[in-house]
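Side-chain atoms are counted along with the backbone in the values below, which use heavy atoms only and exclude waters and symmetry mates. Atoms within each ligand, like the ligands themselves, are counted from 1 in listed order.
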Amino acid sequence: MEIVILPDGAAVGEAAAARIAAVVRQKPEAVLGLSTGSSPLGTYRALAERVRRGEVDLSRARGFALDEYVGLEPGSPQSYAATIARDAVEPLGLDPARVRVPPGDADDLEAACAEYEQAMREAGGVDVQLLGLGANGHIGFNEPTSSFASRTRMKTLAPRTREDNARFFGDDLDAVPLHCVTQGLGTILEARRLLLVAQGEAKAAAVAAMIEGPLSAMVPGSALQLHPAATVLLDEAAASHLLLTDYYRFVEEHRPAWQRVV
Ligand code: GLP
């Protein structure tokens with residue numbers, strides 16, 4: 001696992017954007033794994049700036065989002081379909097027809113989840129998956145005790161996740177859906193590269209458990225330990241509970257030029 005500790009959230013966004021831009025420059029039709037929440041916003045901002053400057057063109061890239069709520073009114077601004085359209089598709093110049101979000105409103109959710117997985121396979125799989133980390137260690141909406149072999153499916157949100165996300169629903173906990181659809185940990189692990197961004201002290205314990213703790217279904221993010229090309233970009237606060245920070249900084253300082261992205 002590549003662990004990079006950066007001075008602040010803006011630097012995390014820049015570093016993640018540089019990595020995604022490098023993938024798309026090499027493969028303009030790259031398949032991007034998109035994520036929601038506040039964590040990736042700095043990445044989308046920095047990437048949009050690169051698009052604006054003409055350094056990278058995402059118009060031919062494809063996108064698959066990680067997760068979606070179940071049970072929201074169609075067109076709800078809190079849906080991840082609306083969030084991805086607003087935060088990623090529009091500012092990045094992605095083609096909306098090439099971006100998909102997991103089905104949250106299908107009559108037959110199981111069949112719709114299987115079809116979503118099939119569409120990801122037919123697109124050739126995800127080239128780079130952007131991830132945030134929940135304060136309870138979740139990735140996507142794979143809550144603690146999710147199987148490492150799980151595929152896209154319906155889940156029940158953990159109380160902590162509903163509380164954390166109530167801020168997107170006017171602080172009204174009752175308005176936060178009980179259920180969601182999420183790519184599974186097994187699905188996420190099939191992406192060619194994983195890029196997890198985390199900022200702030202509130203994530204520090206989950207970050208330390210994910211990187212330095214045991215592989216455990218109690219910490220779904222620890223699935224990254226199983227991936228051969230996982231990068232974790234952290235600001236100082238999110239890195240503050242790690243034990244081996246001196247080593248991670250040493251690795252960065254001595255990274256061979258051929259391995260550098262930024
Ligand atoms: C949300 C999303 C995740 C996200 C995580 C962290 O509920 N389902 O994909 O990474 O929780 O959210 P935030 O970045 O807002 O802290």
| query | What residue and heavy atom of the protein are closest to atom 5 (C) of ligand 1, and at what distance? | reply | H138 NE2, 3.3 Å
| query | What atoms of ligand 1 come within less than 4.0 Å of a heavy atom belonging to S38? | reply | 13 (P), 14 (O), 15 (O), 16 (O)
| query | Which atoms from ligand 1 have a heavy atom of G37 less than 4.0 Å away? | reply | 14 (O), 15 (O)
| request: Answer yes if L244 and L6 sit in the same cluster of Ile, Leu, Val, Met, Phe, Trp and Tyr residues linked by side chain heavy atoms under 4.5 Å apart, and no otherwise. | output: no
| field | contact_flag R167 ligand 1 heavy-atom lt 4.0 Å | value | yes
| query | Which word best sums up how the rings of H254 and F250 line up, parallel for under 30°, tilted for 30 to 60°, or perpendicular for over 60°? | reply | tilted
| query | Backbone, side chain, both or neither: what part of Y69 comes under 4.0 angstrom of ligand 1, heavy atoms only? | reply | neither
| request: May I ask you to decide whether E143 forms a salt bridge with R153, counting only side-chain N to carboxylate O separations under 4.0 Å? | output: no
| L131 near ligand 1 by a heavy-atom separation under 4.0 Å | no
| field | NZ/NE/NH1/NH2 to OD/OE distance under 4.0 Å, R255 and E252 | value | yes
| task | Fit a plane to each ring of Y80 and F141, take the angle between them on a 0 to 90° scale, and name the class: parallel (under 30°), tilted (30 to 60°) or perpendicular (over 60°). | result | parallel
| request: Could you tell me if any non-hydrogen atom of G140 lies under 4.0 Å from any atom of ligand 1? | output: yes
| query | Where is the nearest protein heavy atom to atom 14 (O) of ligand 1: which residue, which atom, and how far? | reply | S39 OG, 2.5 Å
| message | What protein heavy atom lies closest to atom 16 (O) of ligand 1? Include the residue and the distance to one decimal. | response | K203 NZ, 2.6 Å
| atom 6 (C) of ligand 1: nearest protein contact (heavy atom, Å) | L133 O, 3.6 Å
| query | So which protein heavy atom does atom 8 (N) of ligand 1 come closest to, and at what separation? | reply | D67 OD2, 2.8 Å
| query | Where does N165 meet ligand 1, judged by heavy-atom distances below 4.0 Å: at the side chain, the backbone, both, or neither? | reply | side chain
| Which protein non-hydrogen atom lies closest to atom 4 (C) of ligand 1, naming both residue and atom, and how far is it? | T36 O, 4.0 Å
| task | Determine the sole option in E115, E117, E68 for which the salt bridge (charged side-chain N to carboxylate O under 4.0 Å, His left out) test with R100 is passed. | result | E115
